[in-house]
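Because the structure is a prediction, the values reported are computed rather than measured. Numbering starts at 1 and runs along the sequence shown.
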Amino acid sequence: MGMTRAQKAKKYGEDAGSAPTTPRTPRAAPVRPVSVHEMRSGELAPEPEKGSSAGILVGVAFFVGLALWLYYHLLVLQGVSGNLAGGVTAPELLAGGFSGDHLADFARALDENGRTEYSGVHATTGLFTPLLVGLGWLLFIGLNTPQRARKWVYWAVPLLYAVVFLLGNSALDAAVAHPDNPSAAAWASGLVVARWVLLALLVLVAVLVAVSVVRRKLDDFSQGKLPGQRPRG
């Protein structure tokens, strides 16, 4: 008969009477997720979905403002000139300014009801046009201009455009109400000229921003940094 476990333990020691055990494999320590602040430059993966969503919203705001500007100048003000003023051009359509005589002719052609409707145009479409144009340009510049100093310089143009546009509307209403006041006509004319100059600067800023975006995309493409593109060795 074989020895019992107790006999084996007494003769050979405690370990002889116990069944062999499988050594346990030590568990790996849990991996702590890496914080964004601990990542090196270039390790942050781009998020094209968020970027594309922001780009779509900015594009919509930009083109809505542009479309409203075209509607206001090509349809609304042309209607004021043809229907309300009997063919006399609305003063804000004259990019080079206007004389006191032209303003007096425009005011006489409007009559009392026409002046009321003209002021109503400034309080509706003429109010929303500069605000939406300025908003669209601000968002477009903010999304596509990473340099903070340049961004603020560019932002000053749409902000000034909106302010000058609204001041010009108020000055035109006052000048049309008092066409015999030469200083009111000169002030309104100066604001209209400034409005068109700032519009040209708006176009220039949009072109500069668009060119910088294209250059950055081309640089990223050449270095393999675009989303979904393999980096070149």
Side-chain angles (χ1 to χ4, degrees), residues 48-85 88-98 106 117-173 176 188-218 220:
E49 293 184 359
K50 291 184 179 180
S52 60
S53 299
I56 291 173
L57 293 177
V58 170
V60 169
F62 184 86
F63 285 106
V64 165
L66 181 60
L68 187 58
W69 188 94
L70 293 173
Y71 170 75
Y72 180 68
H73 288 82
L74 299 182
L75 292 178
V76 175
L77 291 180
Q78 292 291 345
V80 169
S81 301
N83 299 328
L84 296 181
V88 181
T89 305
E92 51 259 67
L93 291 177
L94 301 173
F98 50 87
F106 180 74
E117 292 188 36
Y118 183 59
S119 298
V121 166
H122 288 160
T124 52
T125 316
L127 172 64
F128 291 110
T129 295
L131 296 180
L132 291 180
V133 168
L135 177 62
W137 252 259
L138 288 174
L139 294 176
F140 177 70
I141 294 168
L143 179 67
N144 297 298
T145 308
Q147 300 90 347
R148 180 172 297 181
R150 183 179 298 179
K151 182 185 299 184
W152 278 104
V153 172
Y154 287 169
W155 270 347
V157 179
L159 291 174
L160 283 174
Y161 178 77
V163 171
V164 169
F165 198 112
L166 296 176
L167 287 176
N169 288 347
S170 178
L172 285 168
D173 289 338
V176 168
S189 178
L191 289 173
V192 168
V193 172
R195 176 192 301 186
W196 285 97
V197 171
L198 288 169
L199 176 66
L201 291 178
L202 279 179
V203 175
L204 177 61
V205 167
V207 171
L208 292 176
V209 173
V211 169
S212 67
V213 170
V214 172
R215 285 181 176 175
R216 286 199 303 271
K217 294 296 183 183
L218 291 176
D220 291 343

**Q.** From OG1 (T129) to OH (Y71), nearest 0.5 Å
**A.** 9.0 Å
Q: Could you walk me through whether F106 and Y118 pass the ring pair (Phe, Tyr, Trp, His ring centres under 6.0 Å) test, one step at a time?
A: CA-CA 11 Å; F106 180 74; Y118 183 59; 5.2 Å; yes
Q) Is there side-chain contact between T89 and F98, with at least one heavy-atom pair below 4.5 Å? A) no
Q. Nearest 0.5 Å, what's the CG-CG distance between L199 and L204?
A. 11.5 Å
Q: State, with a plain yes or no, whether a side-chain heavy atom of V211 is found less than 4.5 Å away from one of R215.
A: yes
(Q) For L201 and L198: C-alpha separation, side-chain torsions, deciding distance, then whether side-chain contact (heavy atoms from CB on, under 4.5 Å) applies. (A) CA-CA 5 Å; L201 291 178; L198 288 169; 4.1 Å; yes
Q. Between T124 and G120, what is the shortest heavy-atom contact and its length?
A. OG1-O, 2.8 Å
Q.
With a 4.5 Å cut-off on side-chain heavy atoms, are L172 and V192 touching?
A. yes
Q: Over all heavy atoms of both residues, which pair between R216 and P146 is shortest? Give the atoms and the distance, please.
A: NH1-CD, 3.5 Å
**Q.** Minimum heavy-atom distance A90-S81, with the two atoms named
**A.** N-OG, 2.8 Å
Q) Of L218, N144, L143, which is the lone residue that meets side-chain contact (heavy atoms from CB on, under 4.5 Å) with V213? A) N144
(Q) For a quick test of reading the model, state the closest non-hydrogen atom pair linking S119 to D173 and the distance between them. (A) OG-OD1, 3.5 Å
Q) Can you check whether Q78 reaches L93 side chain to side chain, under 4.5 Å on heavy atoms? A) yes
Q: Could you label the plane-to-plane angle of the W152 and W155 rings as parallel, tilted or perpendicular, counting under 30° as parallel and over 60° as perpendicular?
A: perpendicular
Q) If you take all heavy atoms of G97 and S189, which pair is closest and at what distance? A) CA-OG, 3.3 Å
Q. Which heavy atom in N169 sits nearest to a heavy atom in H122, and how many Å separate them?
A. O-ND1, 3.5 Å
Q: State, with a plain yes or no, whether a side-chain heavy atom of Y72 is found less than 4.5 Å away from one of V121.
A: yes
Q) Can you tell which of L208, V209, T145 makes a side-chain contact (heavy atoms from CB on, under 4.5 Å) with R150? A) T145
Q | Expected output: side-chain W196 to main-chain E92 donor-acceptor under 3.5 Å | A | yes
**Q.** F140 and F62 aromatic ring geometry - parallel, tilted or perpendicular at 30°/60° bounds
**A.** tilted
Q.
Just to verify, which of L202, L68, L66, L138 counts as forming a side-chain contact (heavy atoms from CB on, under 4.5 Å) with V133?
A. L202
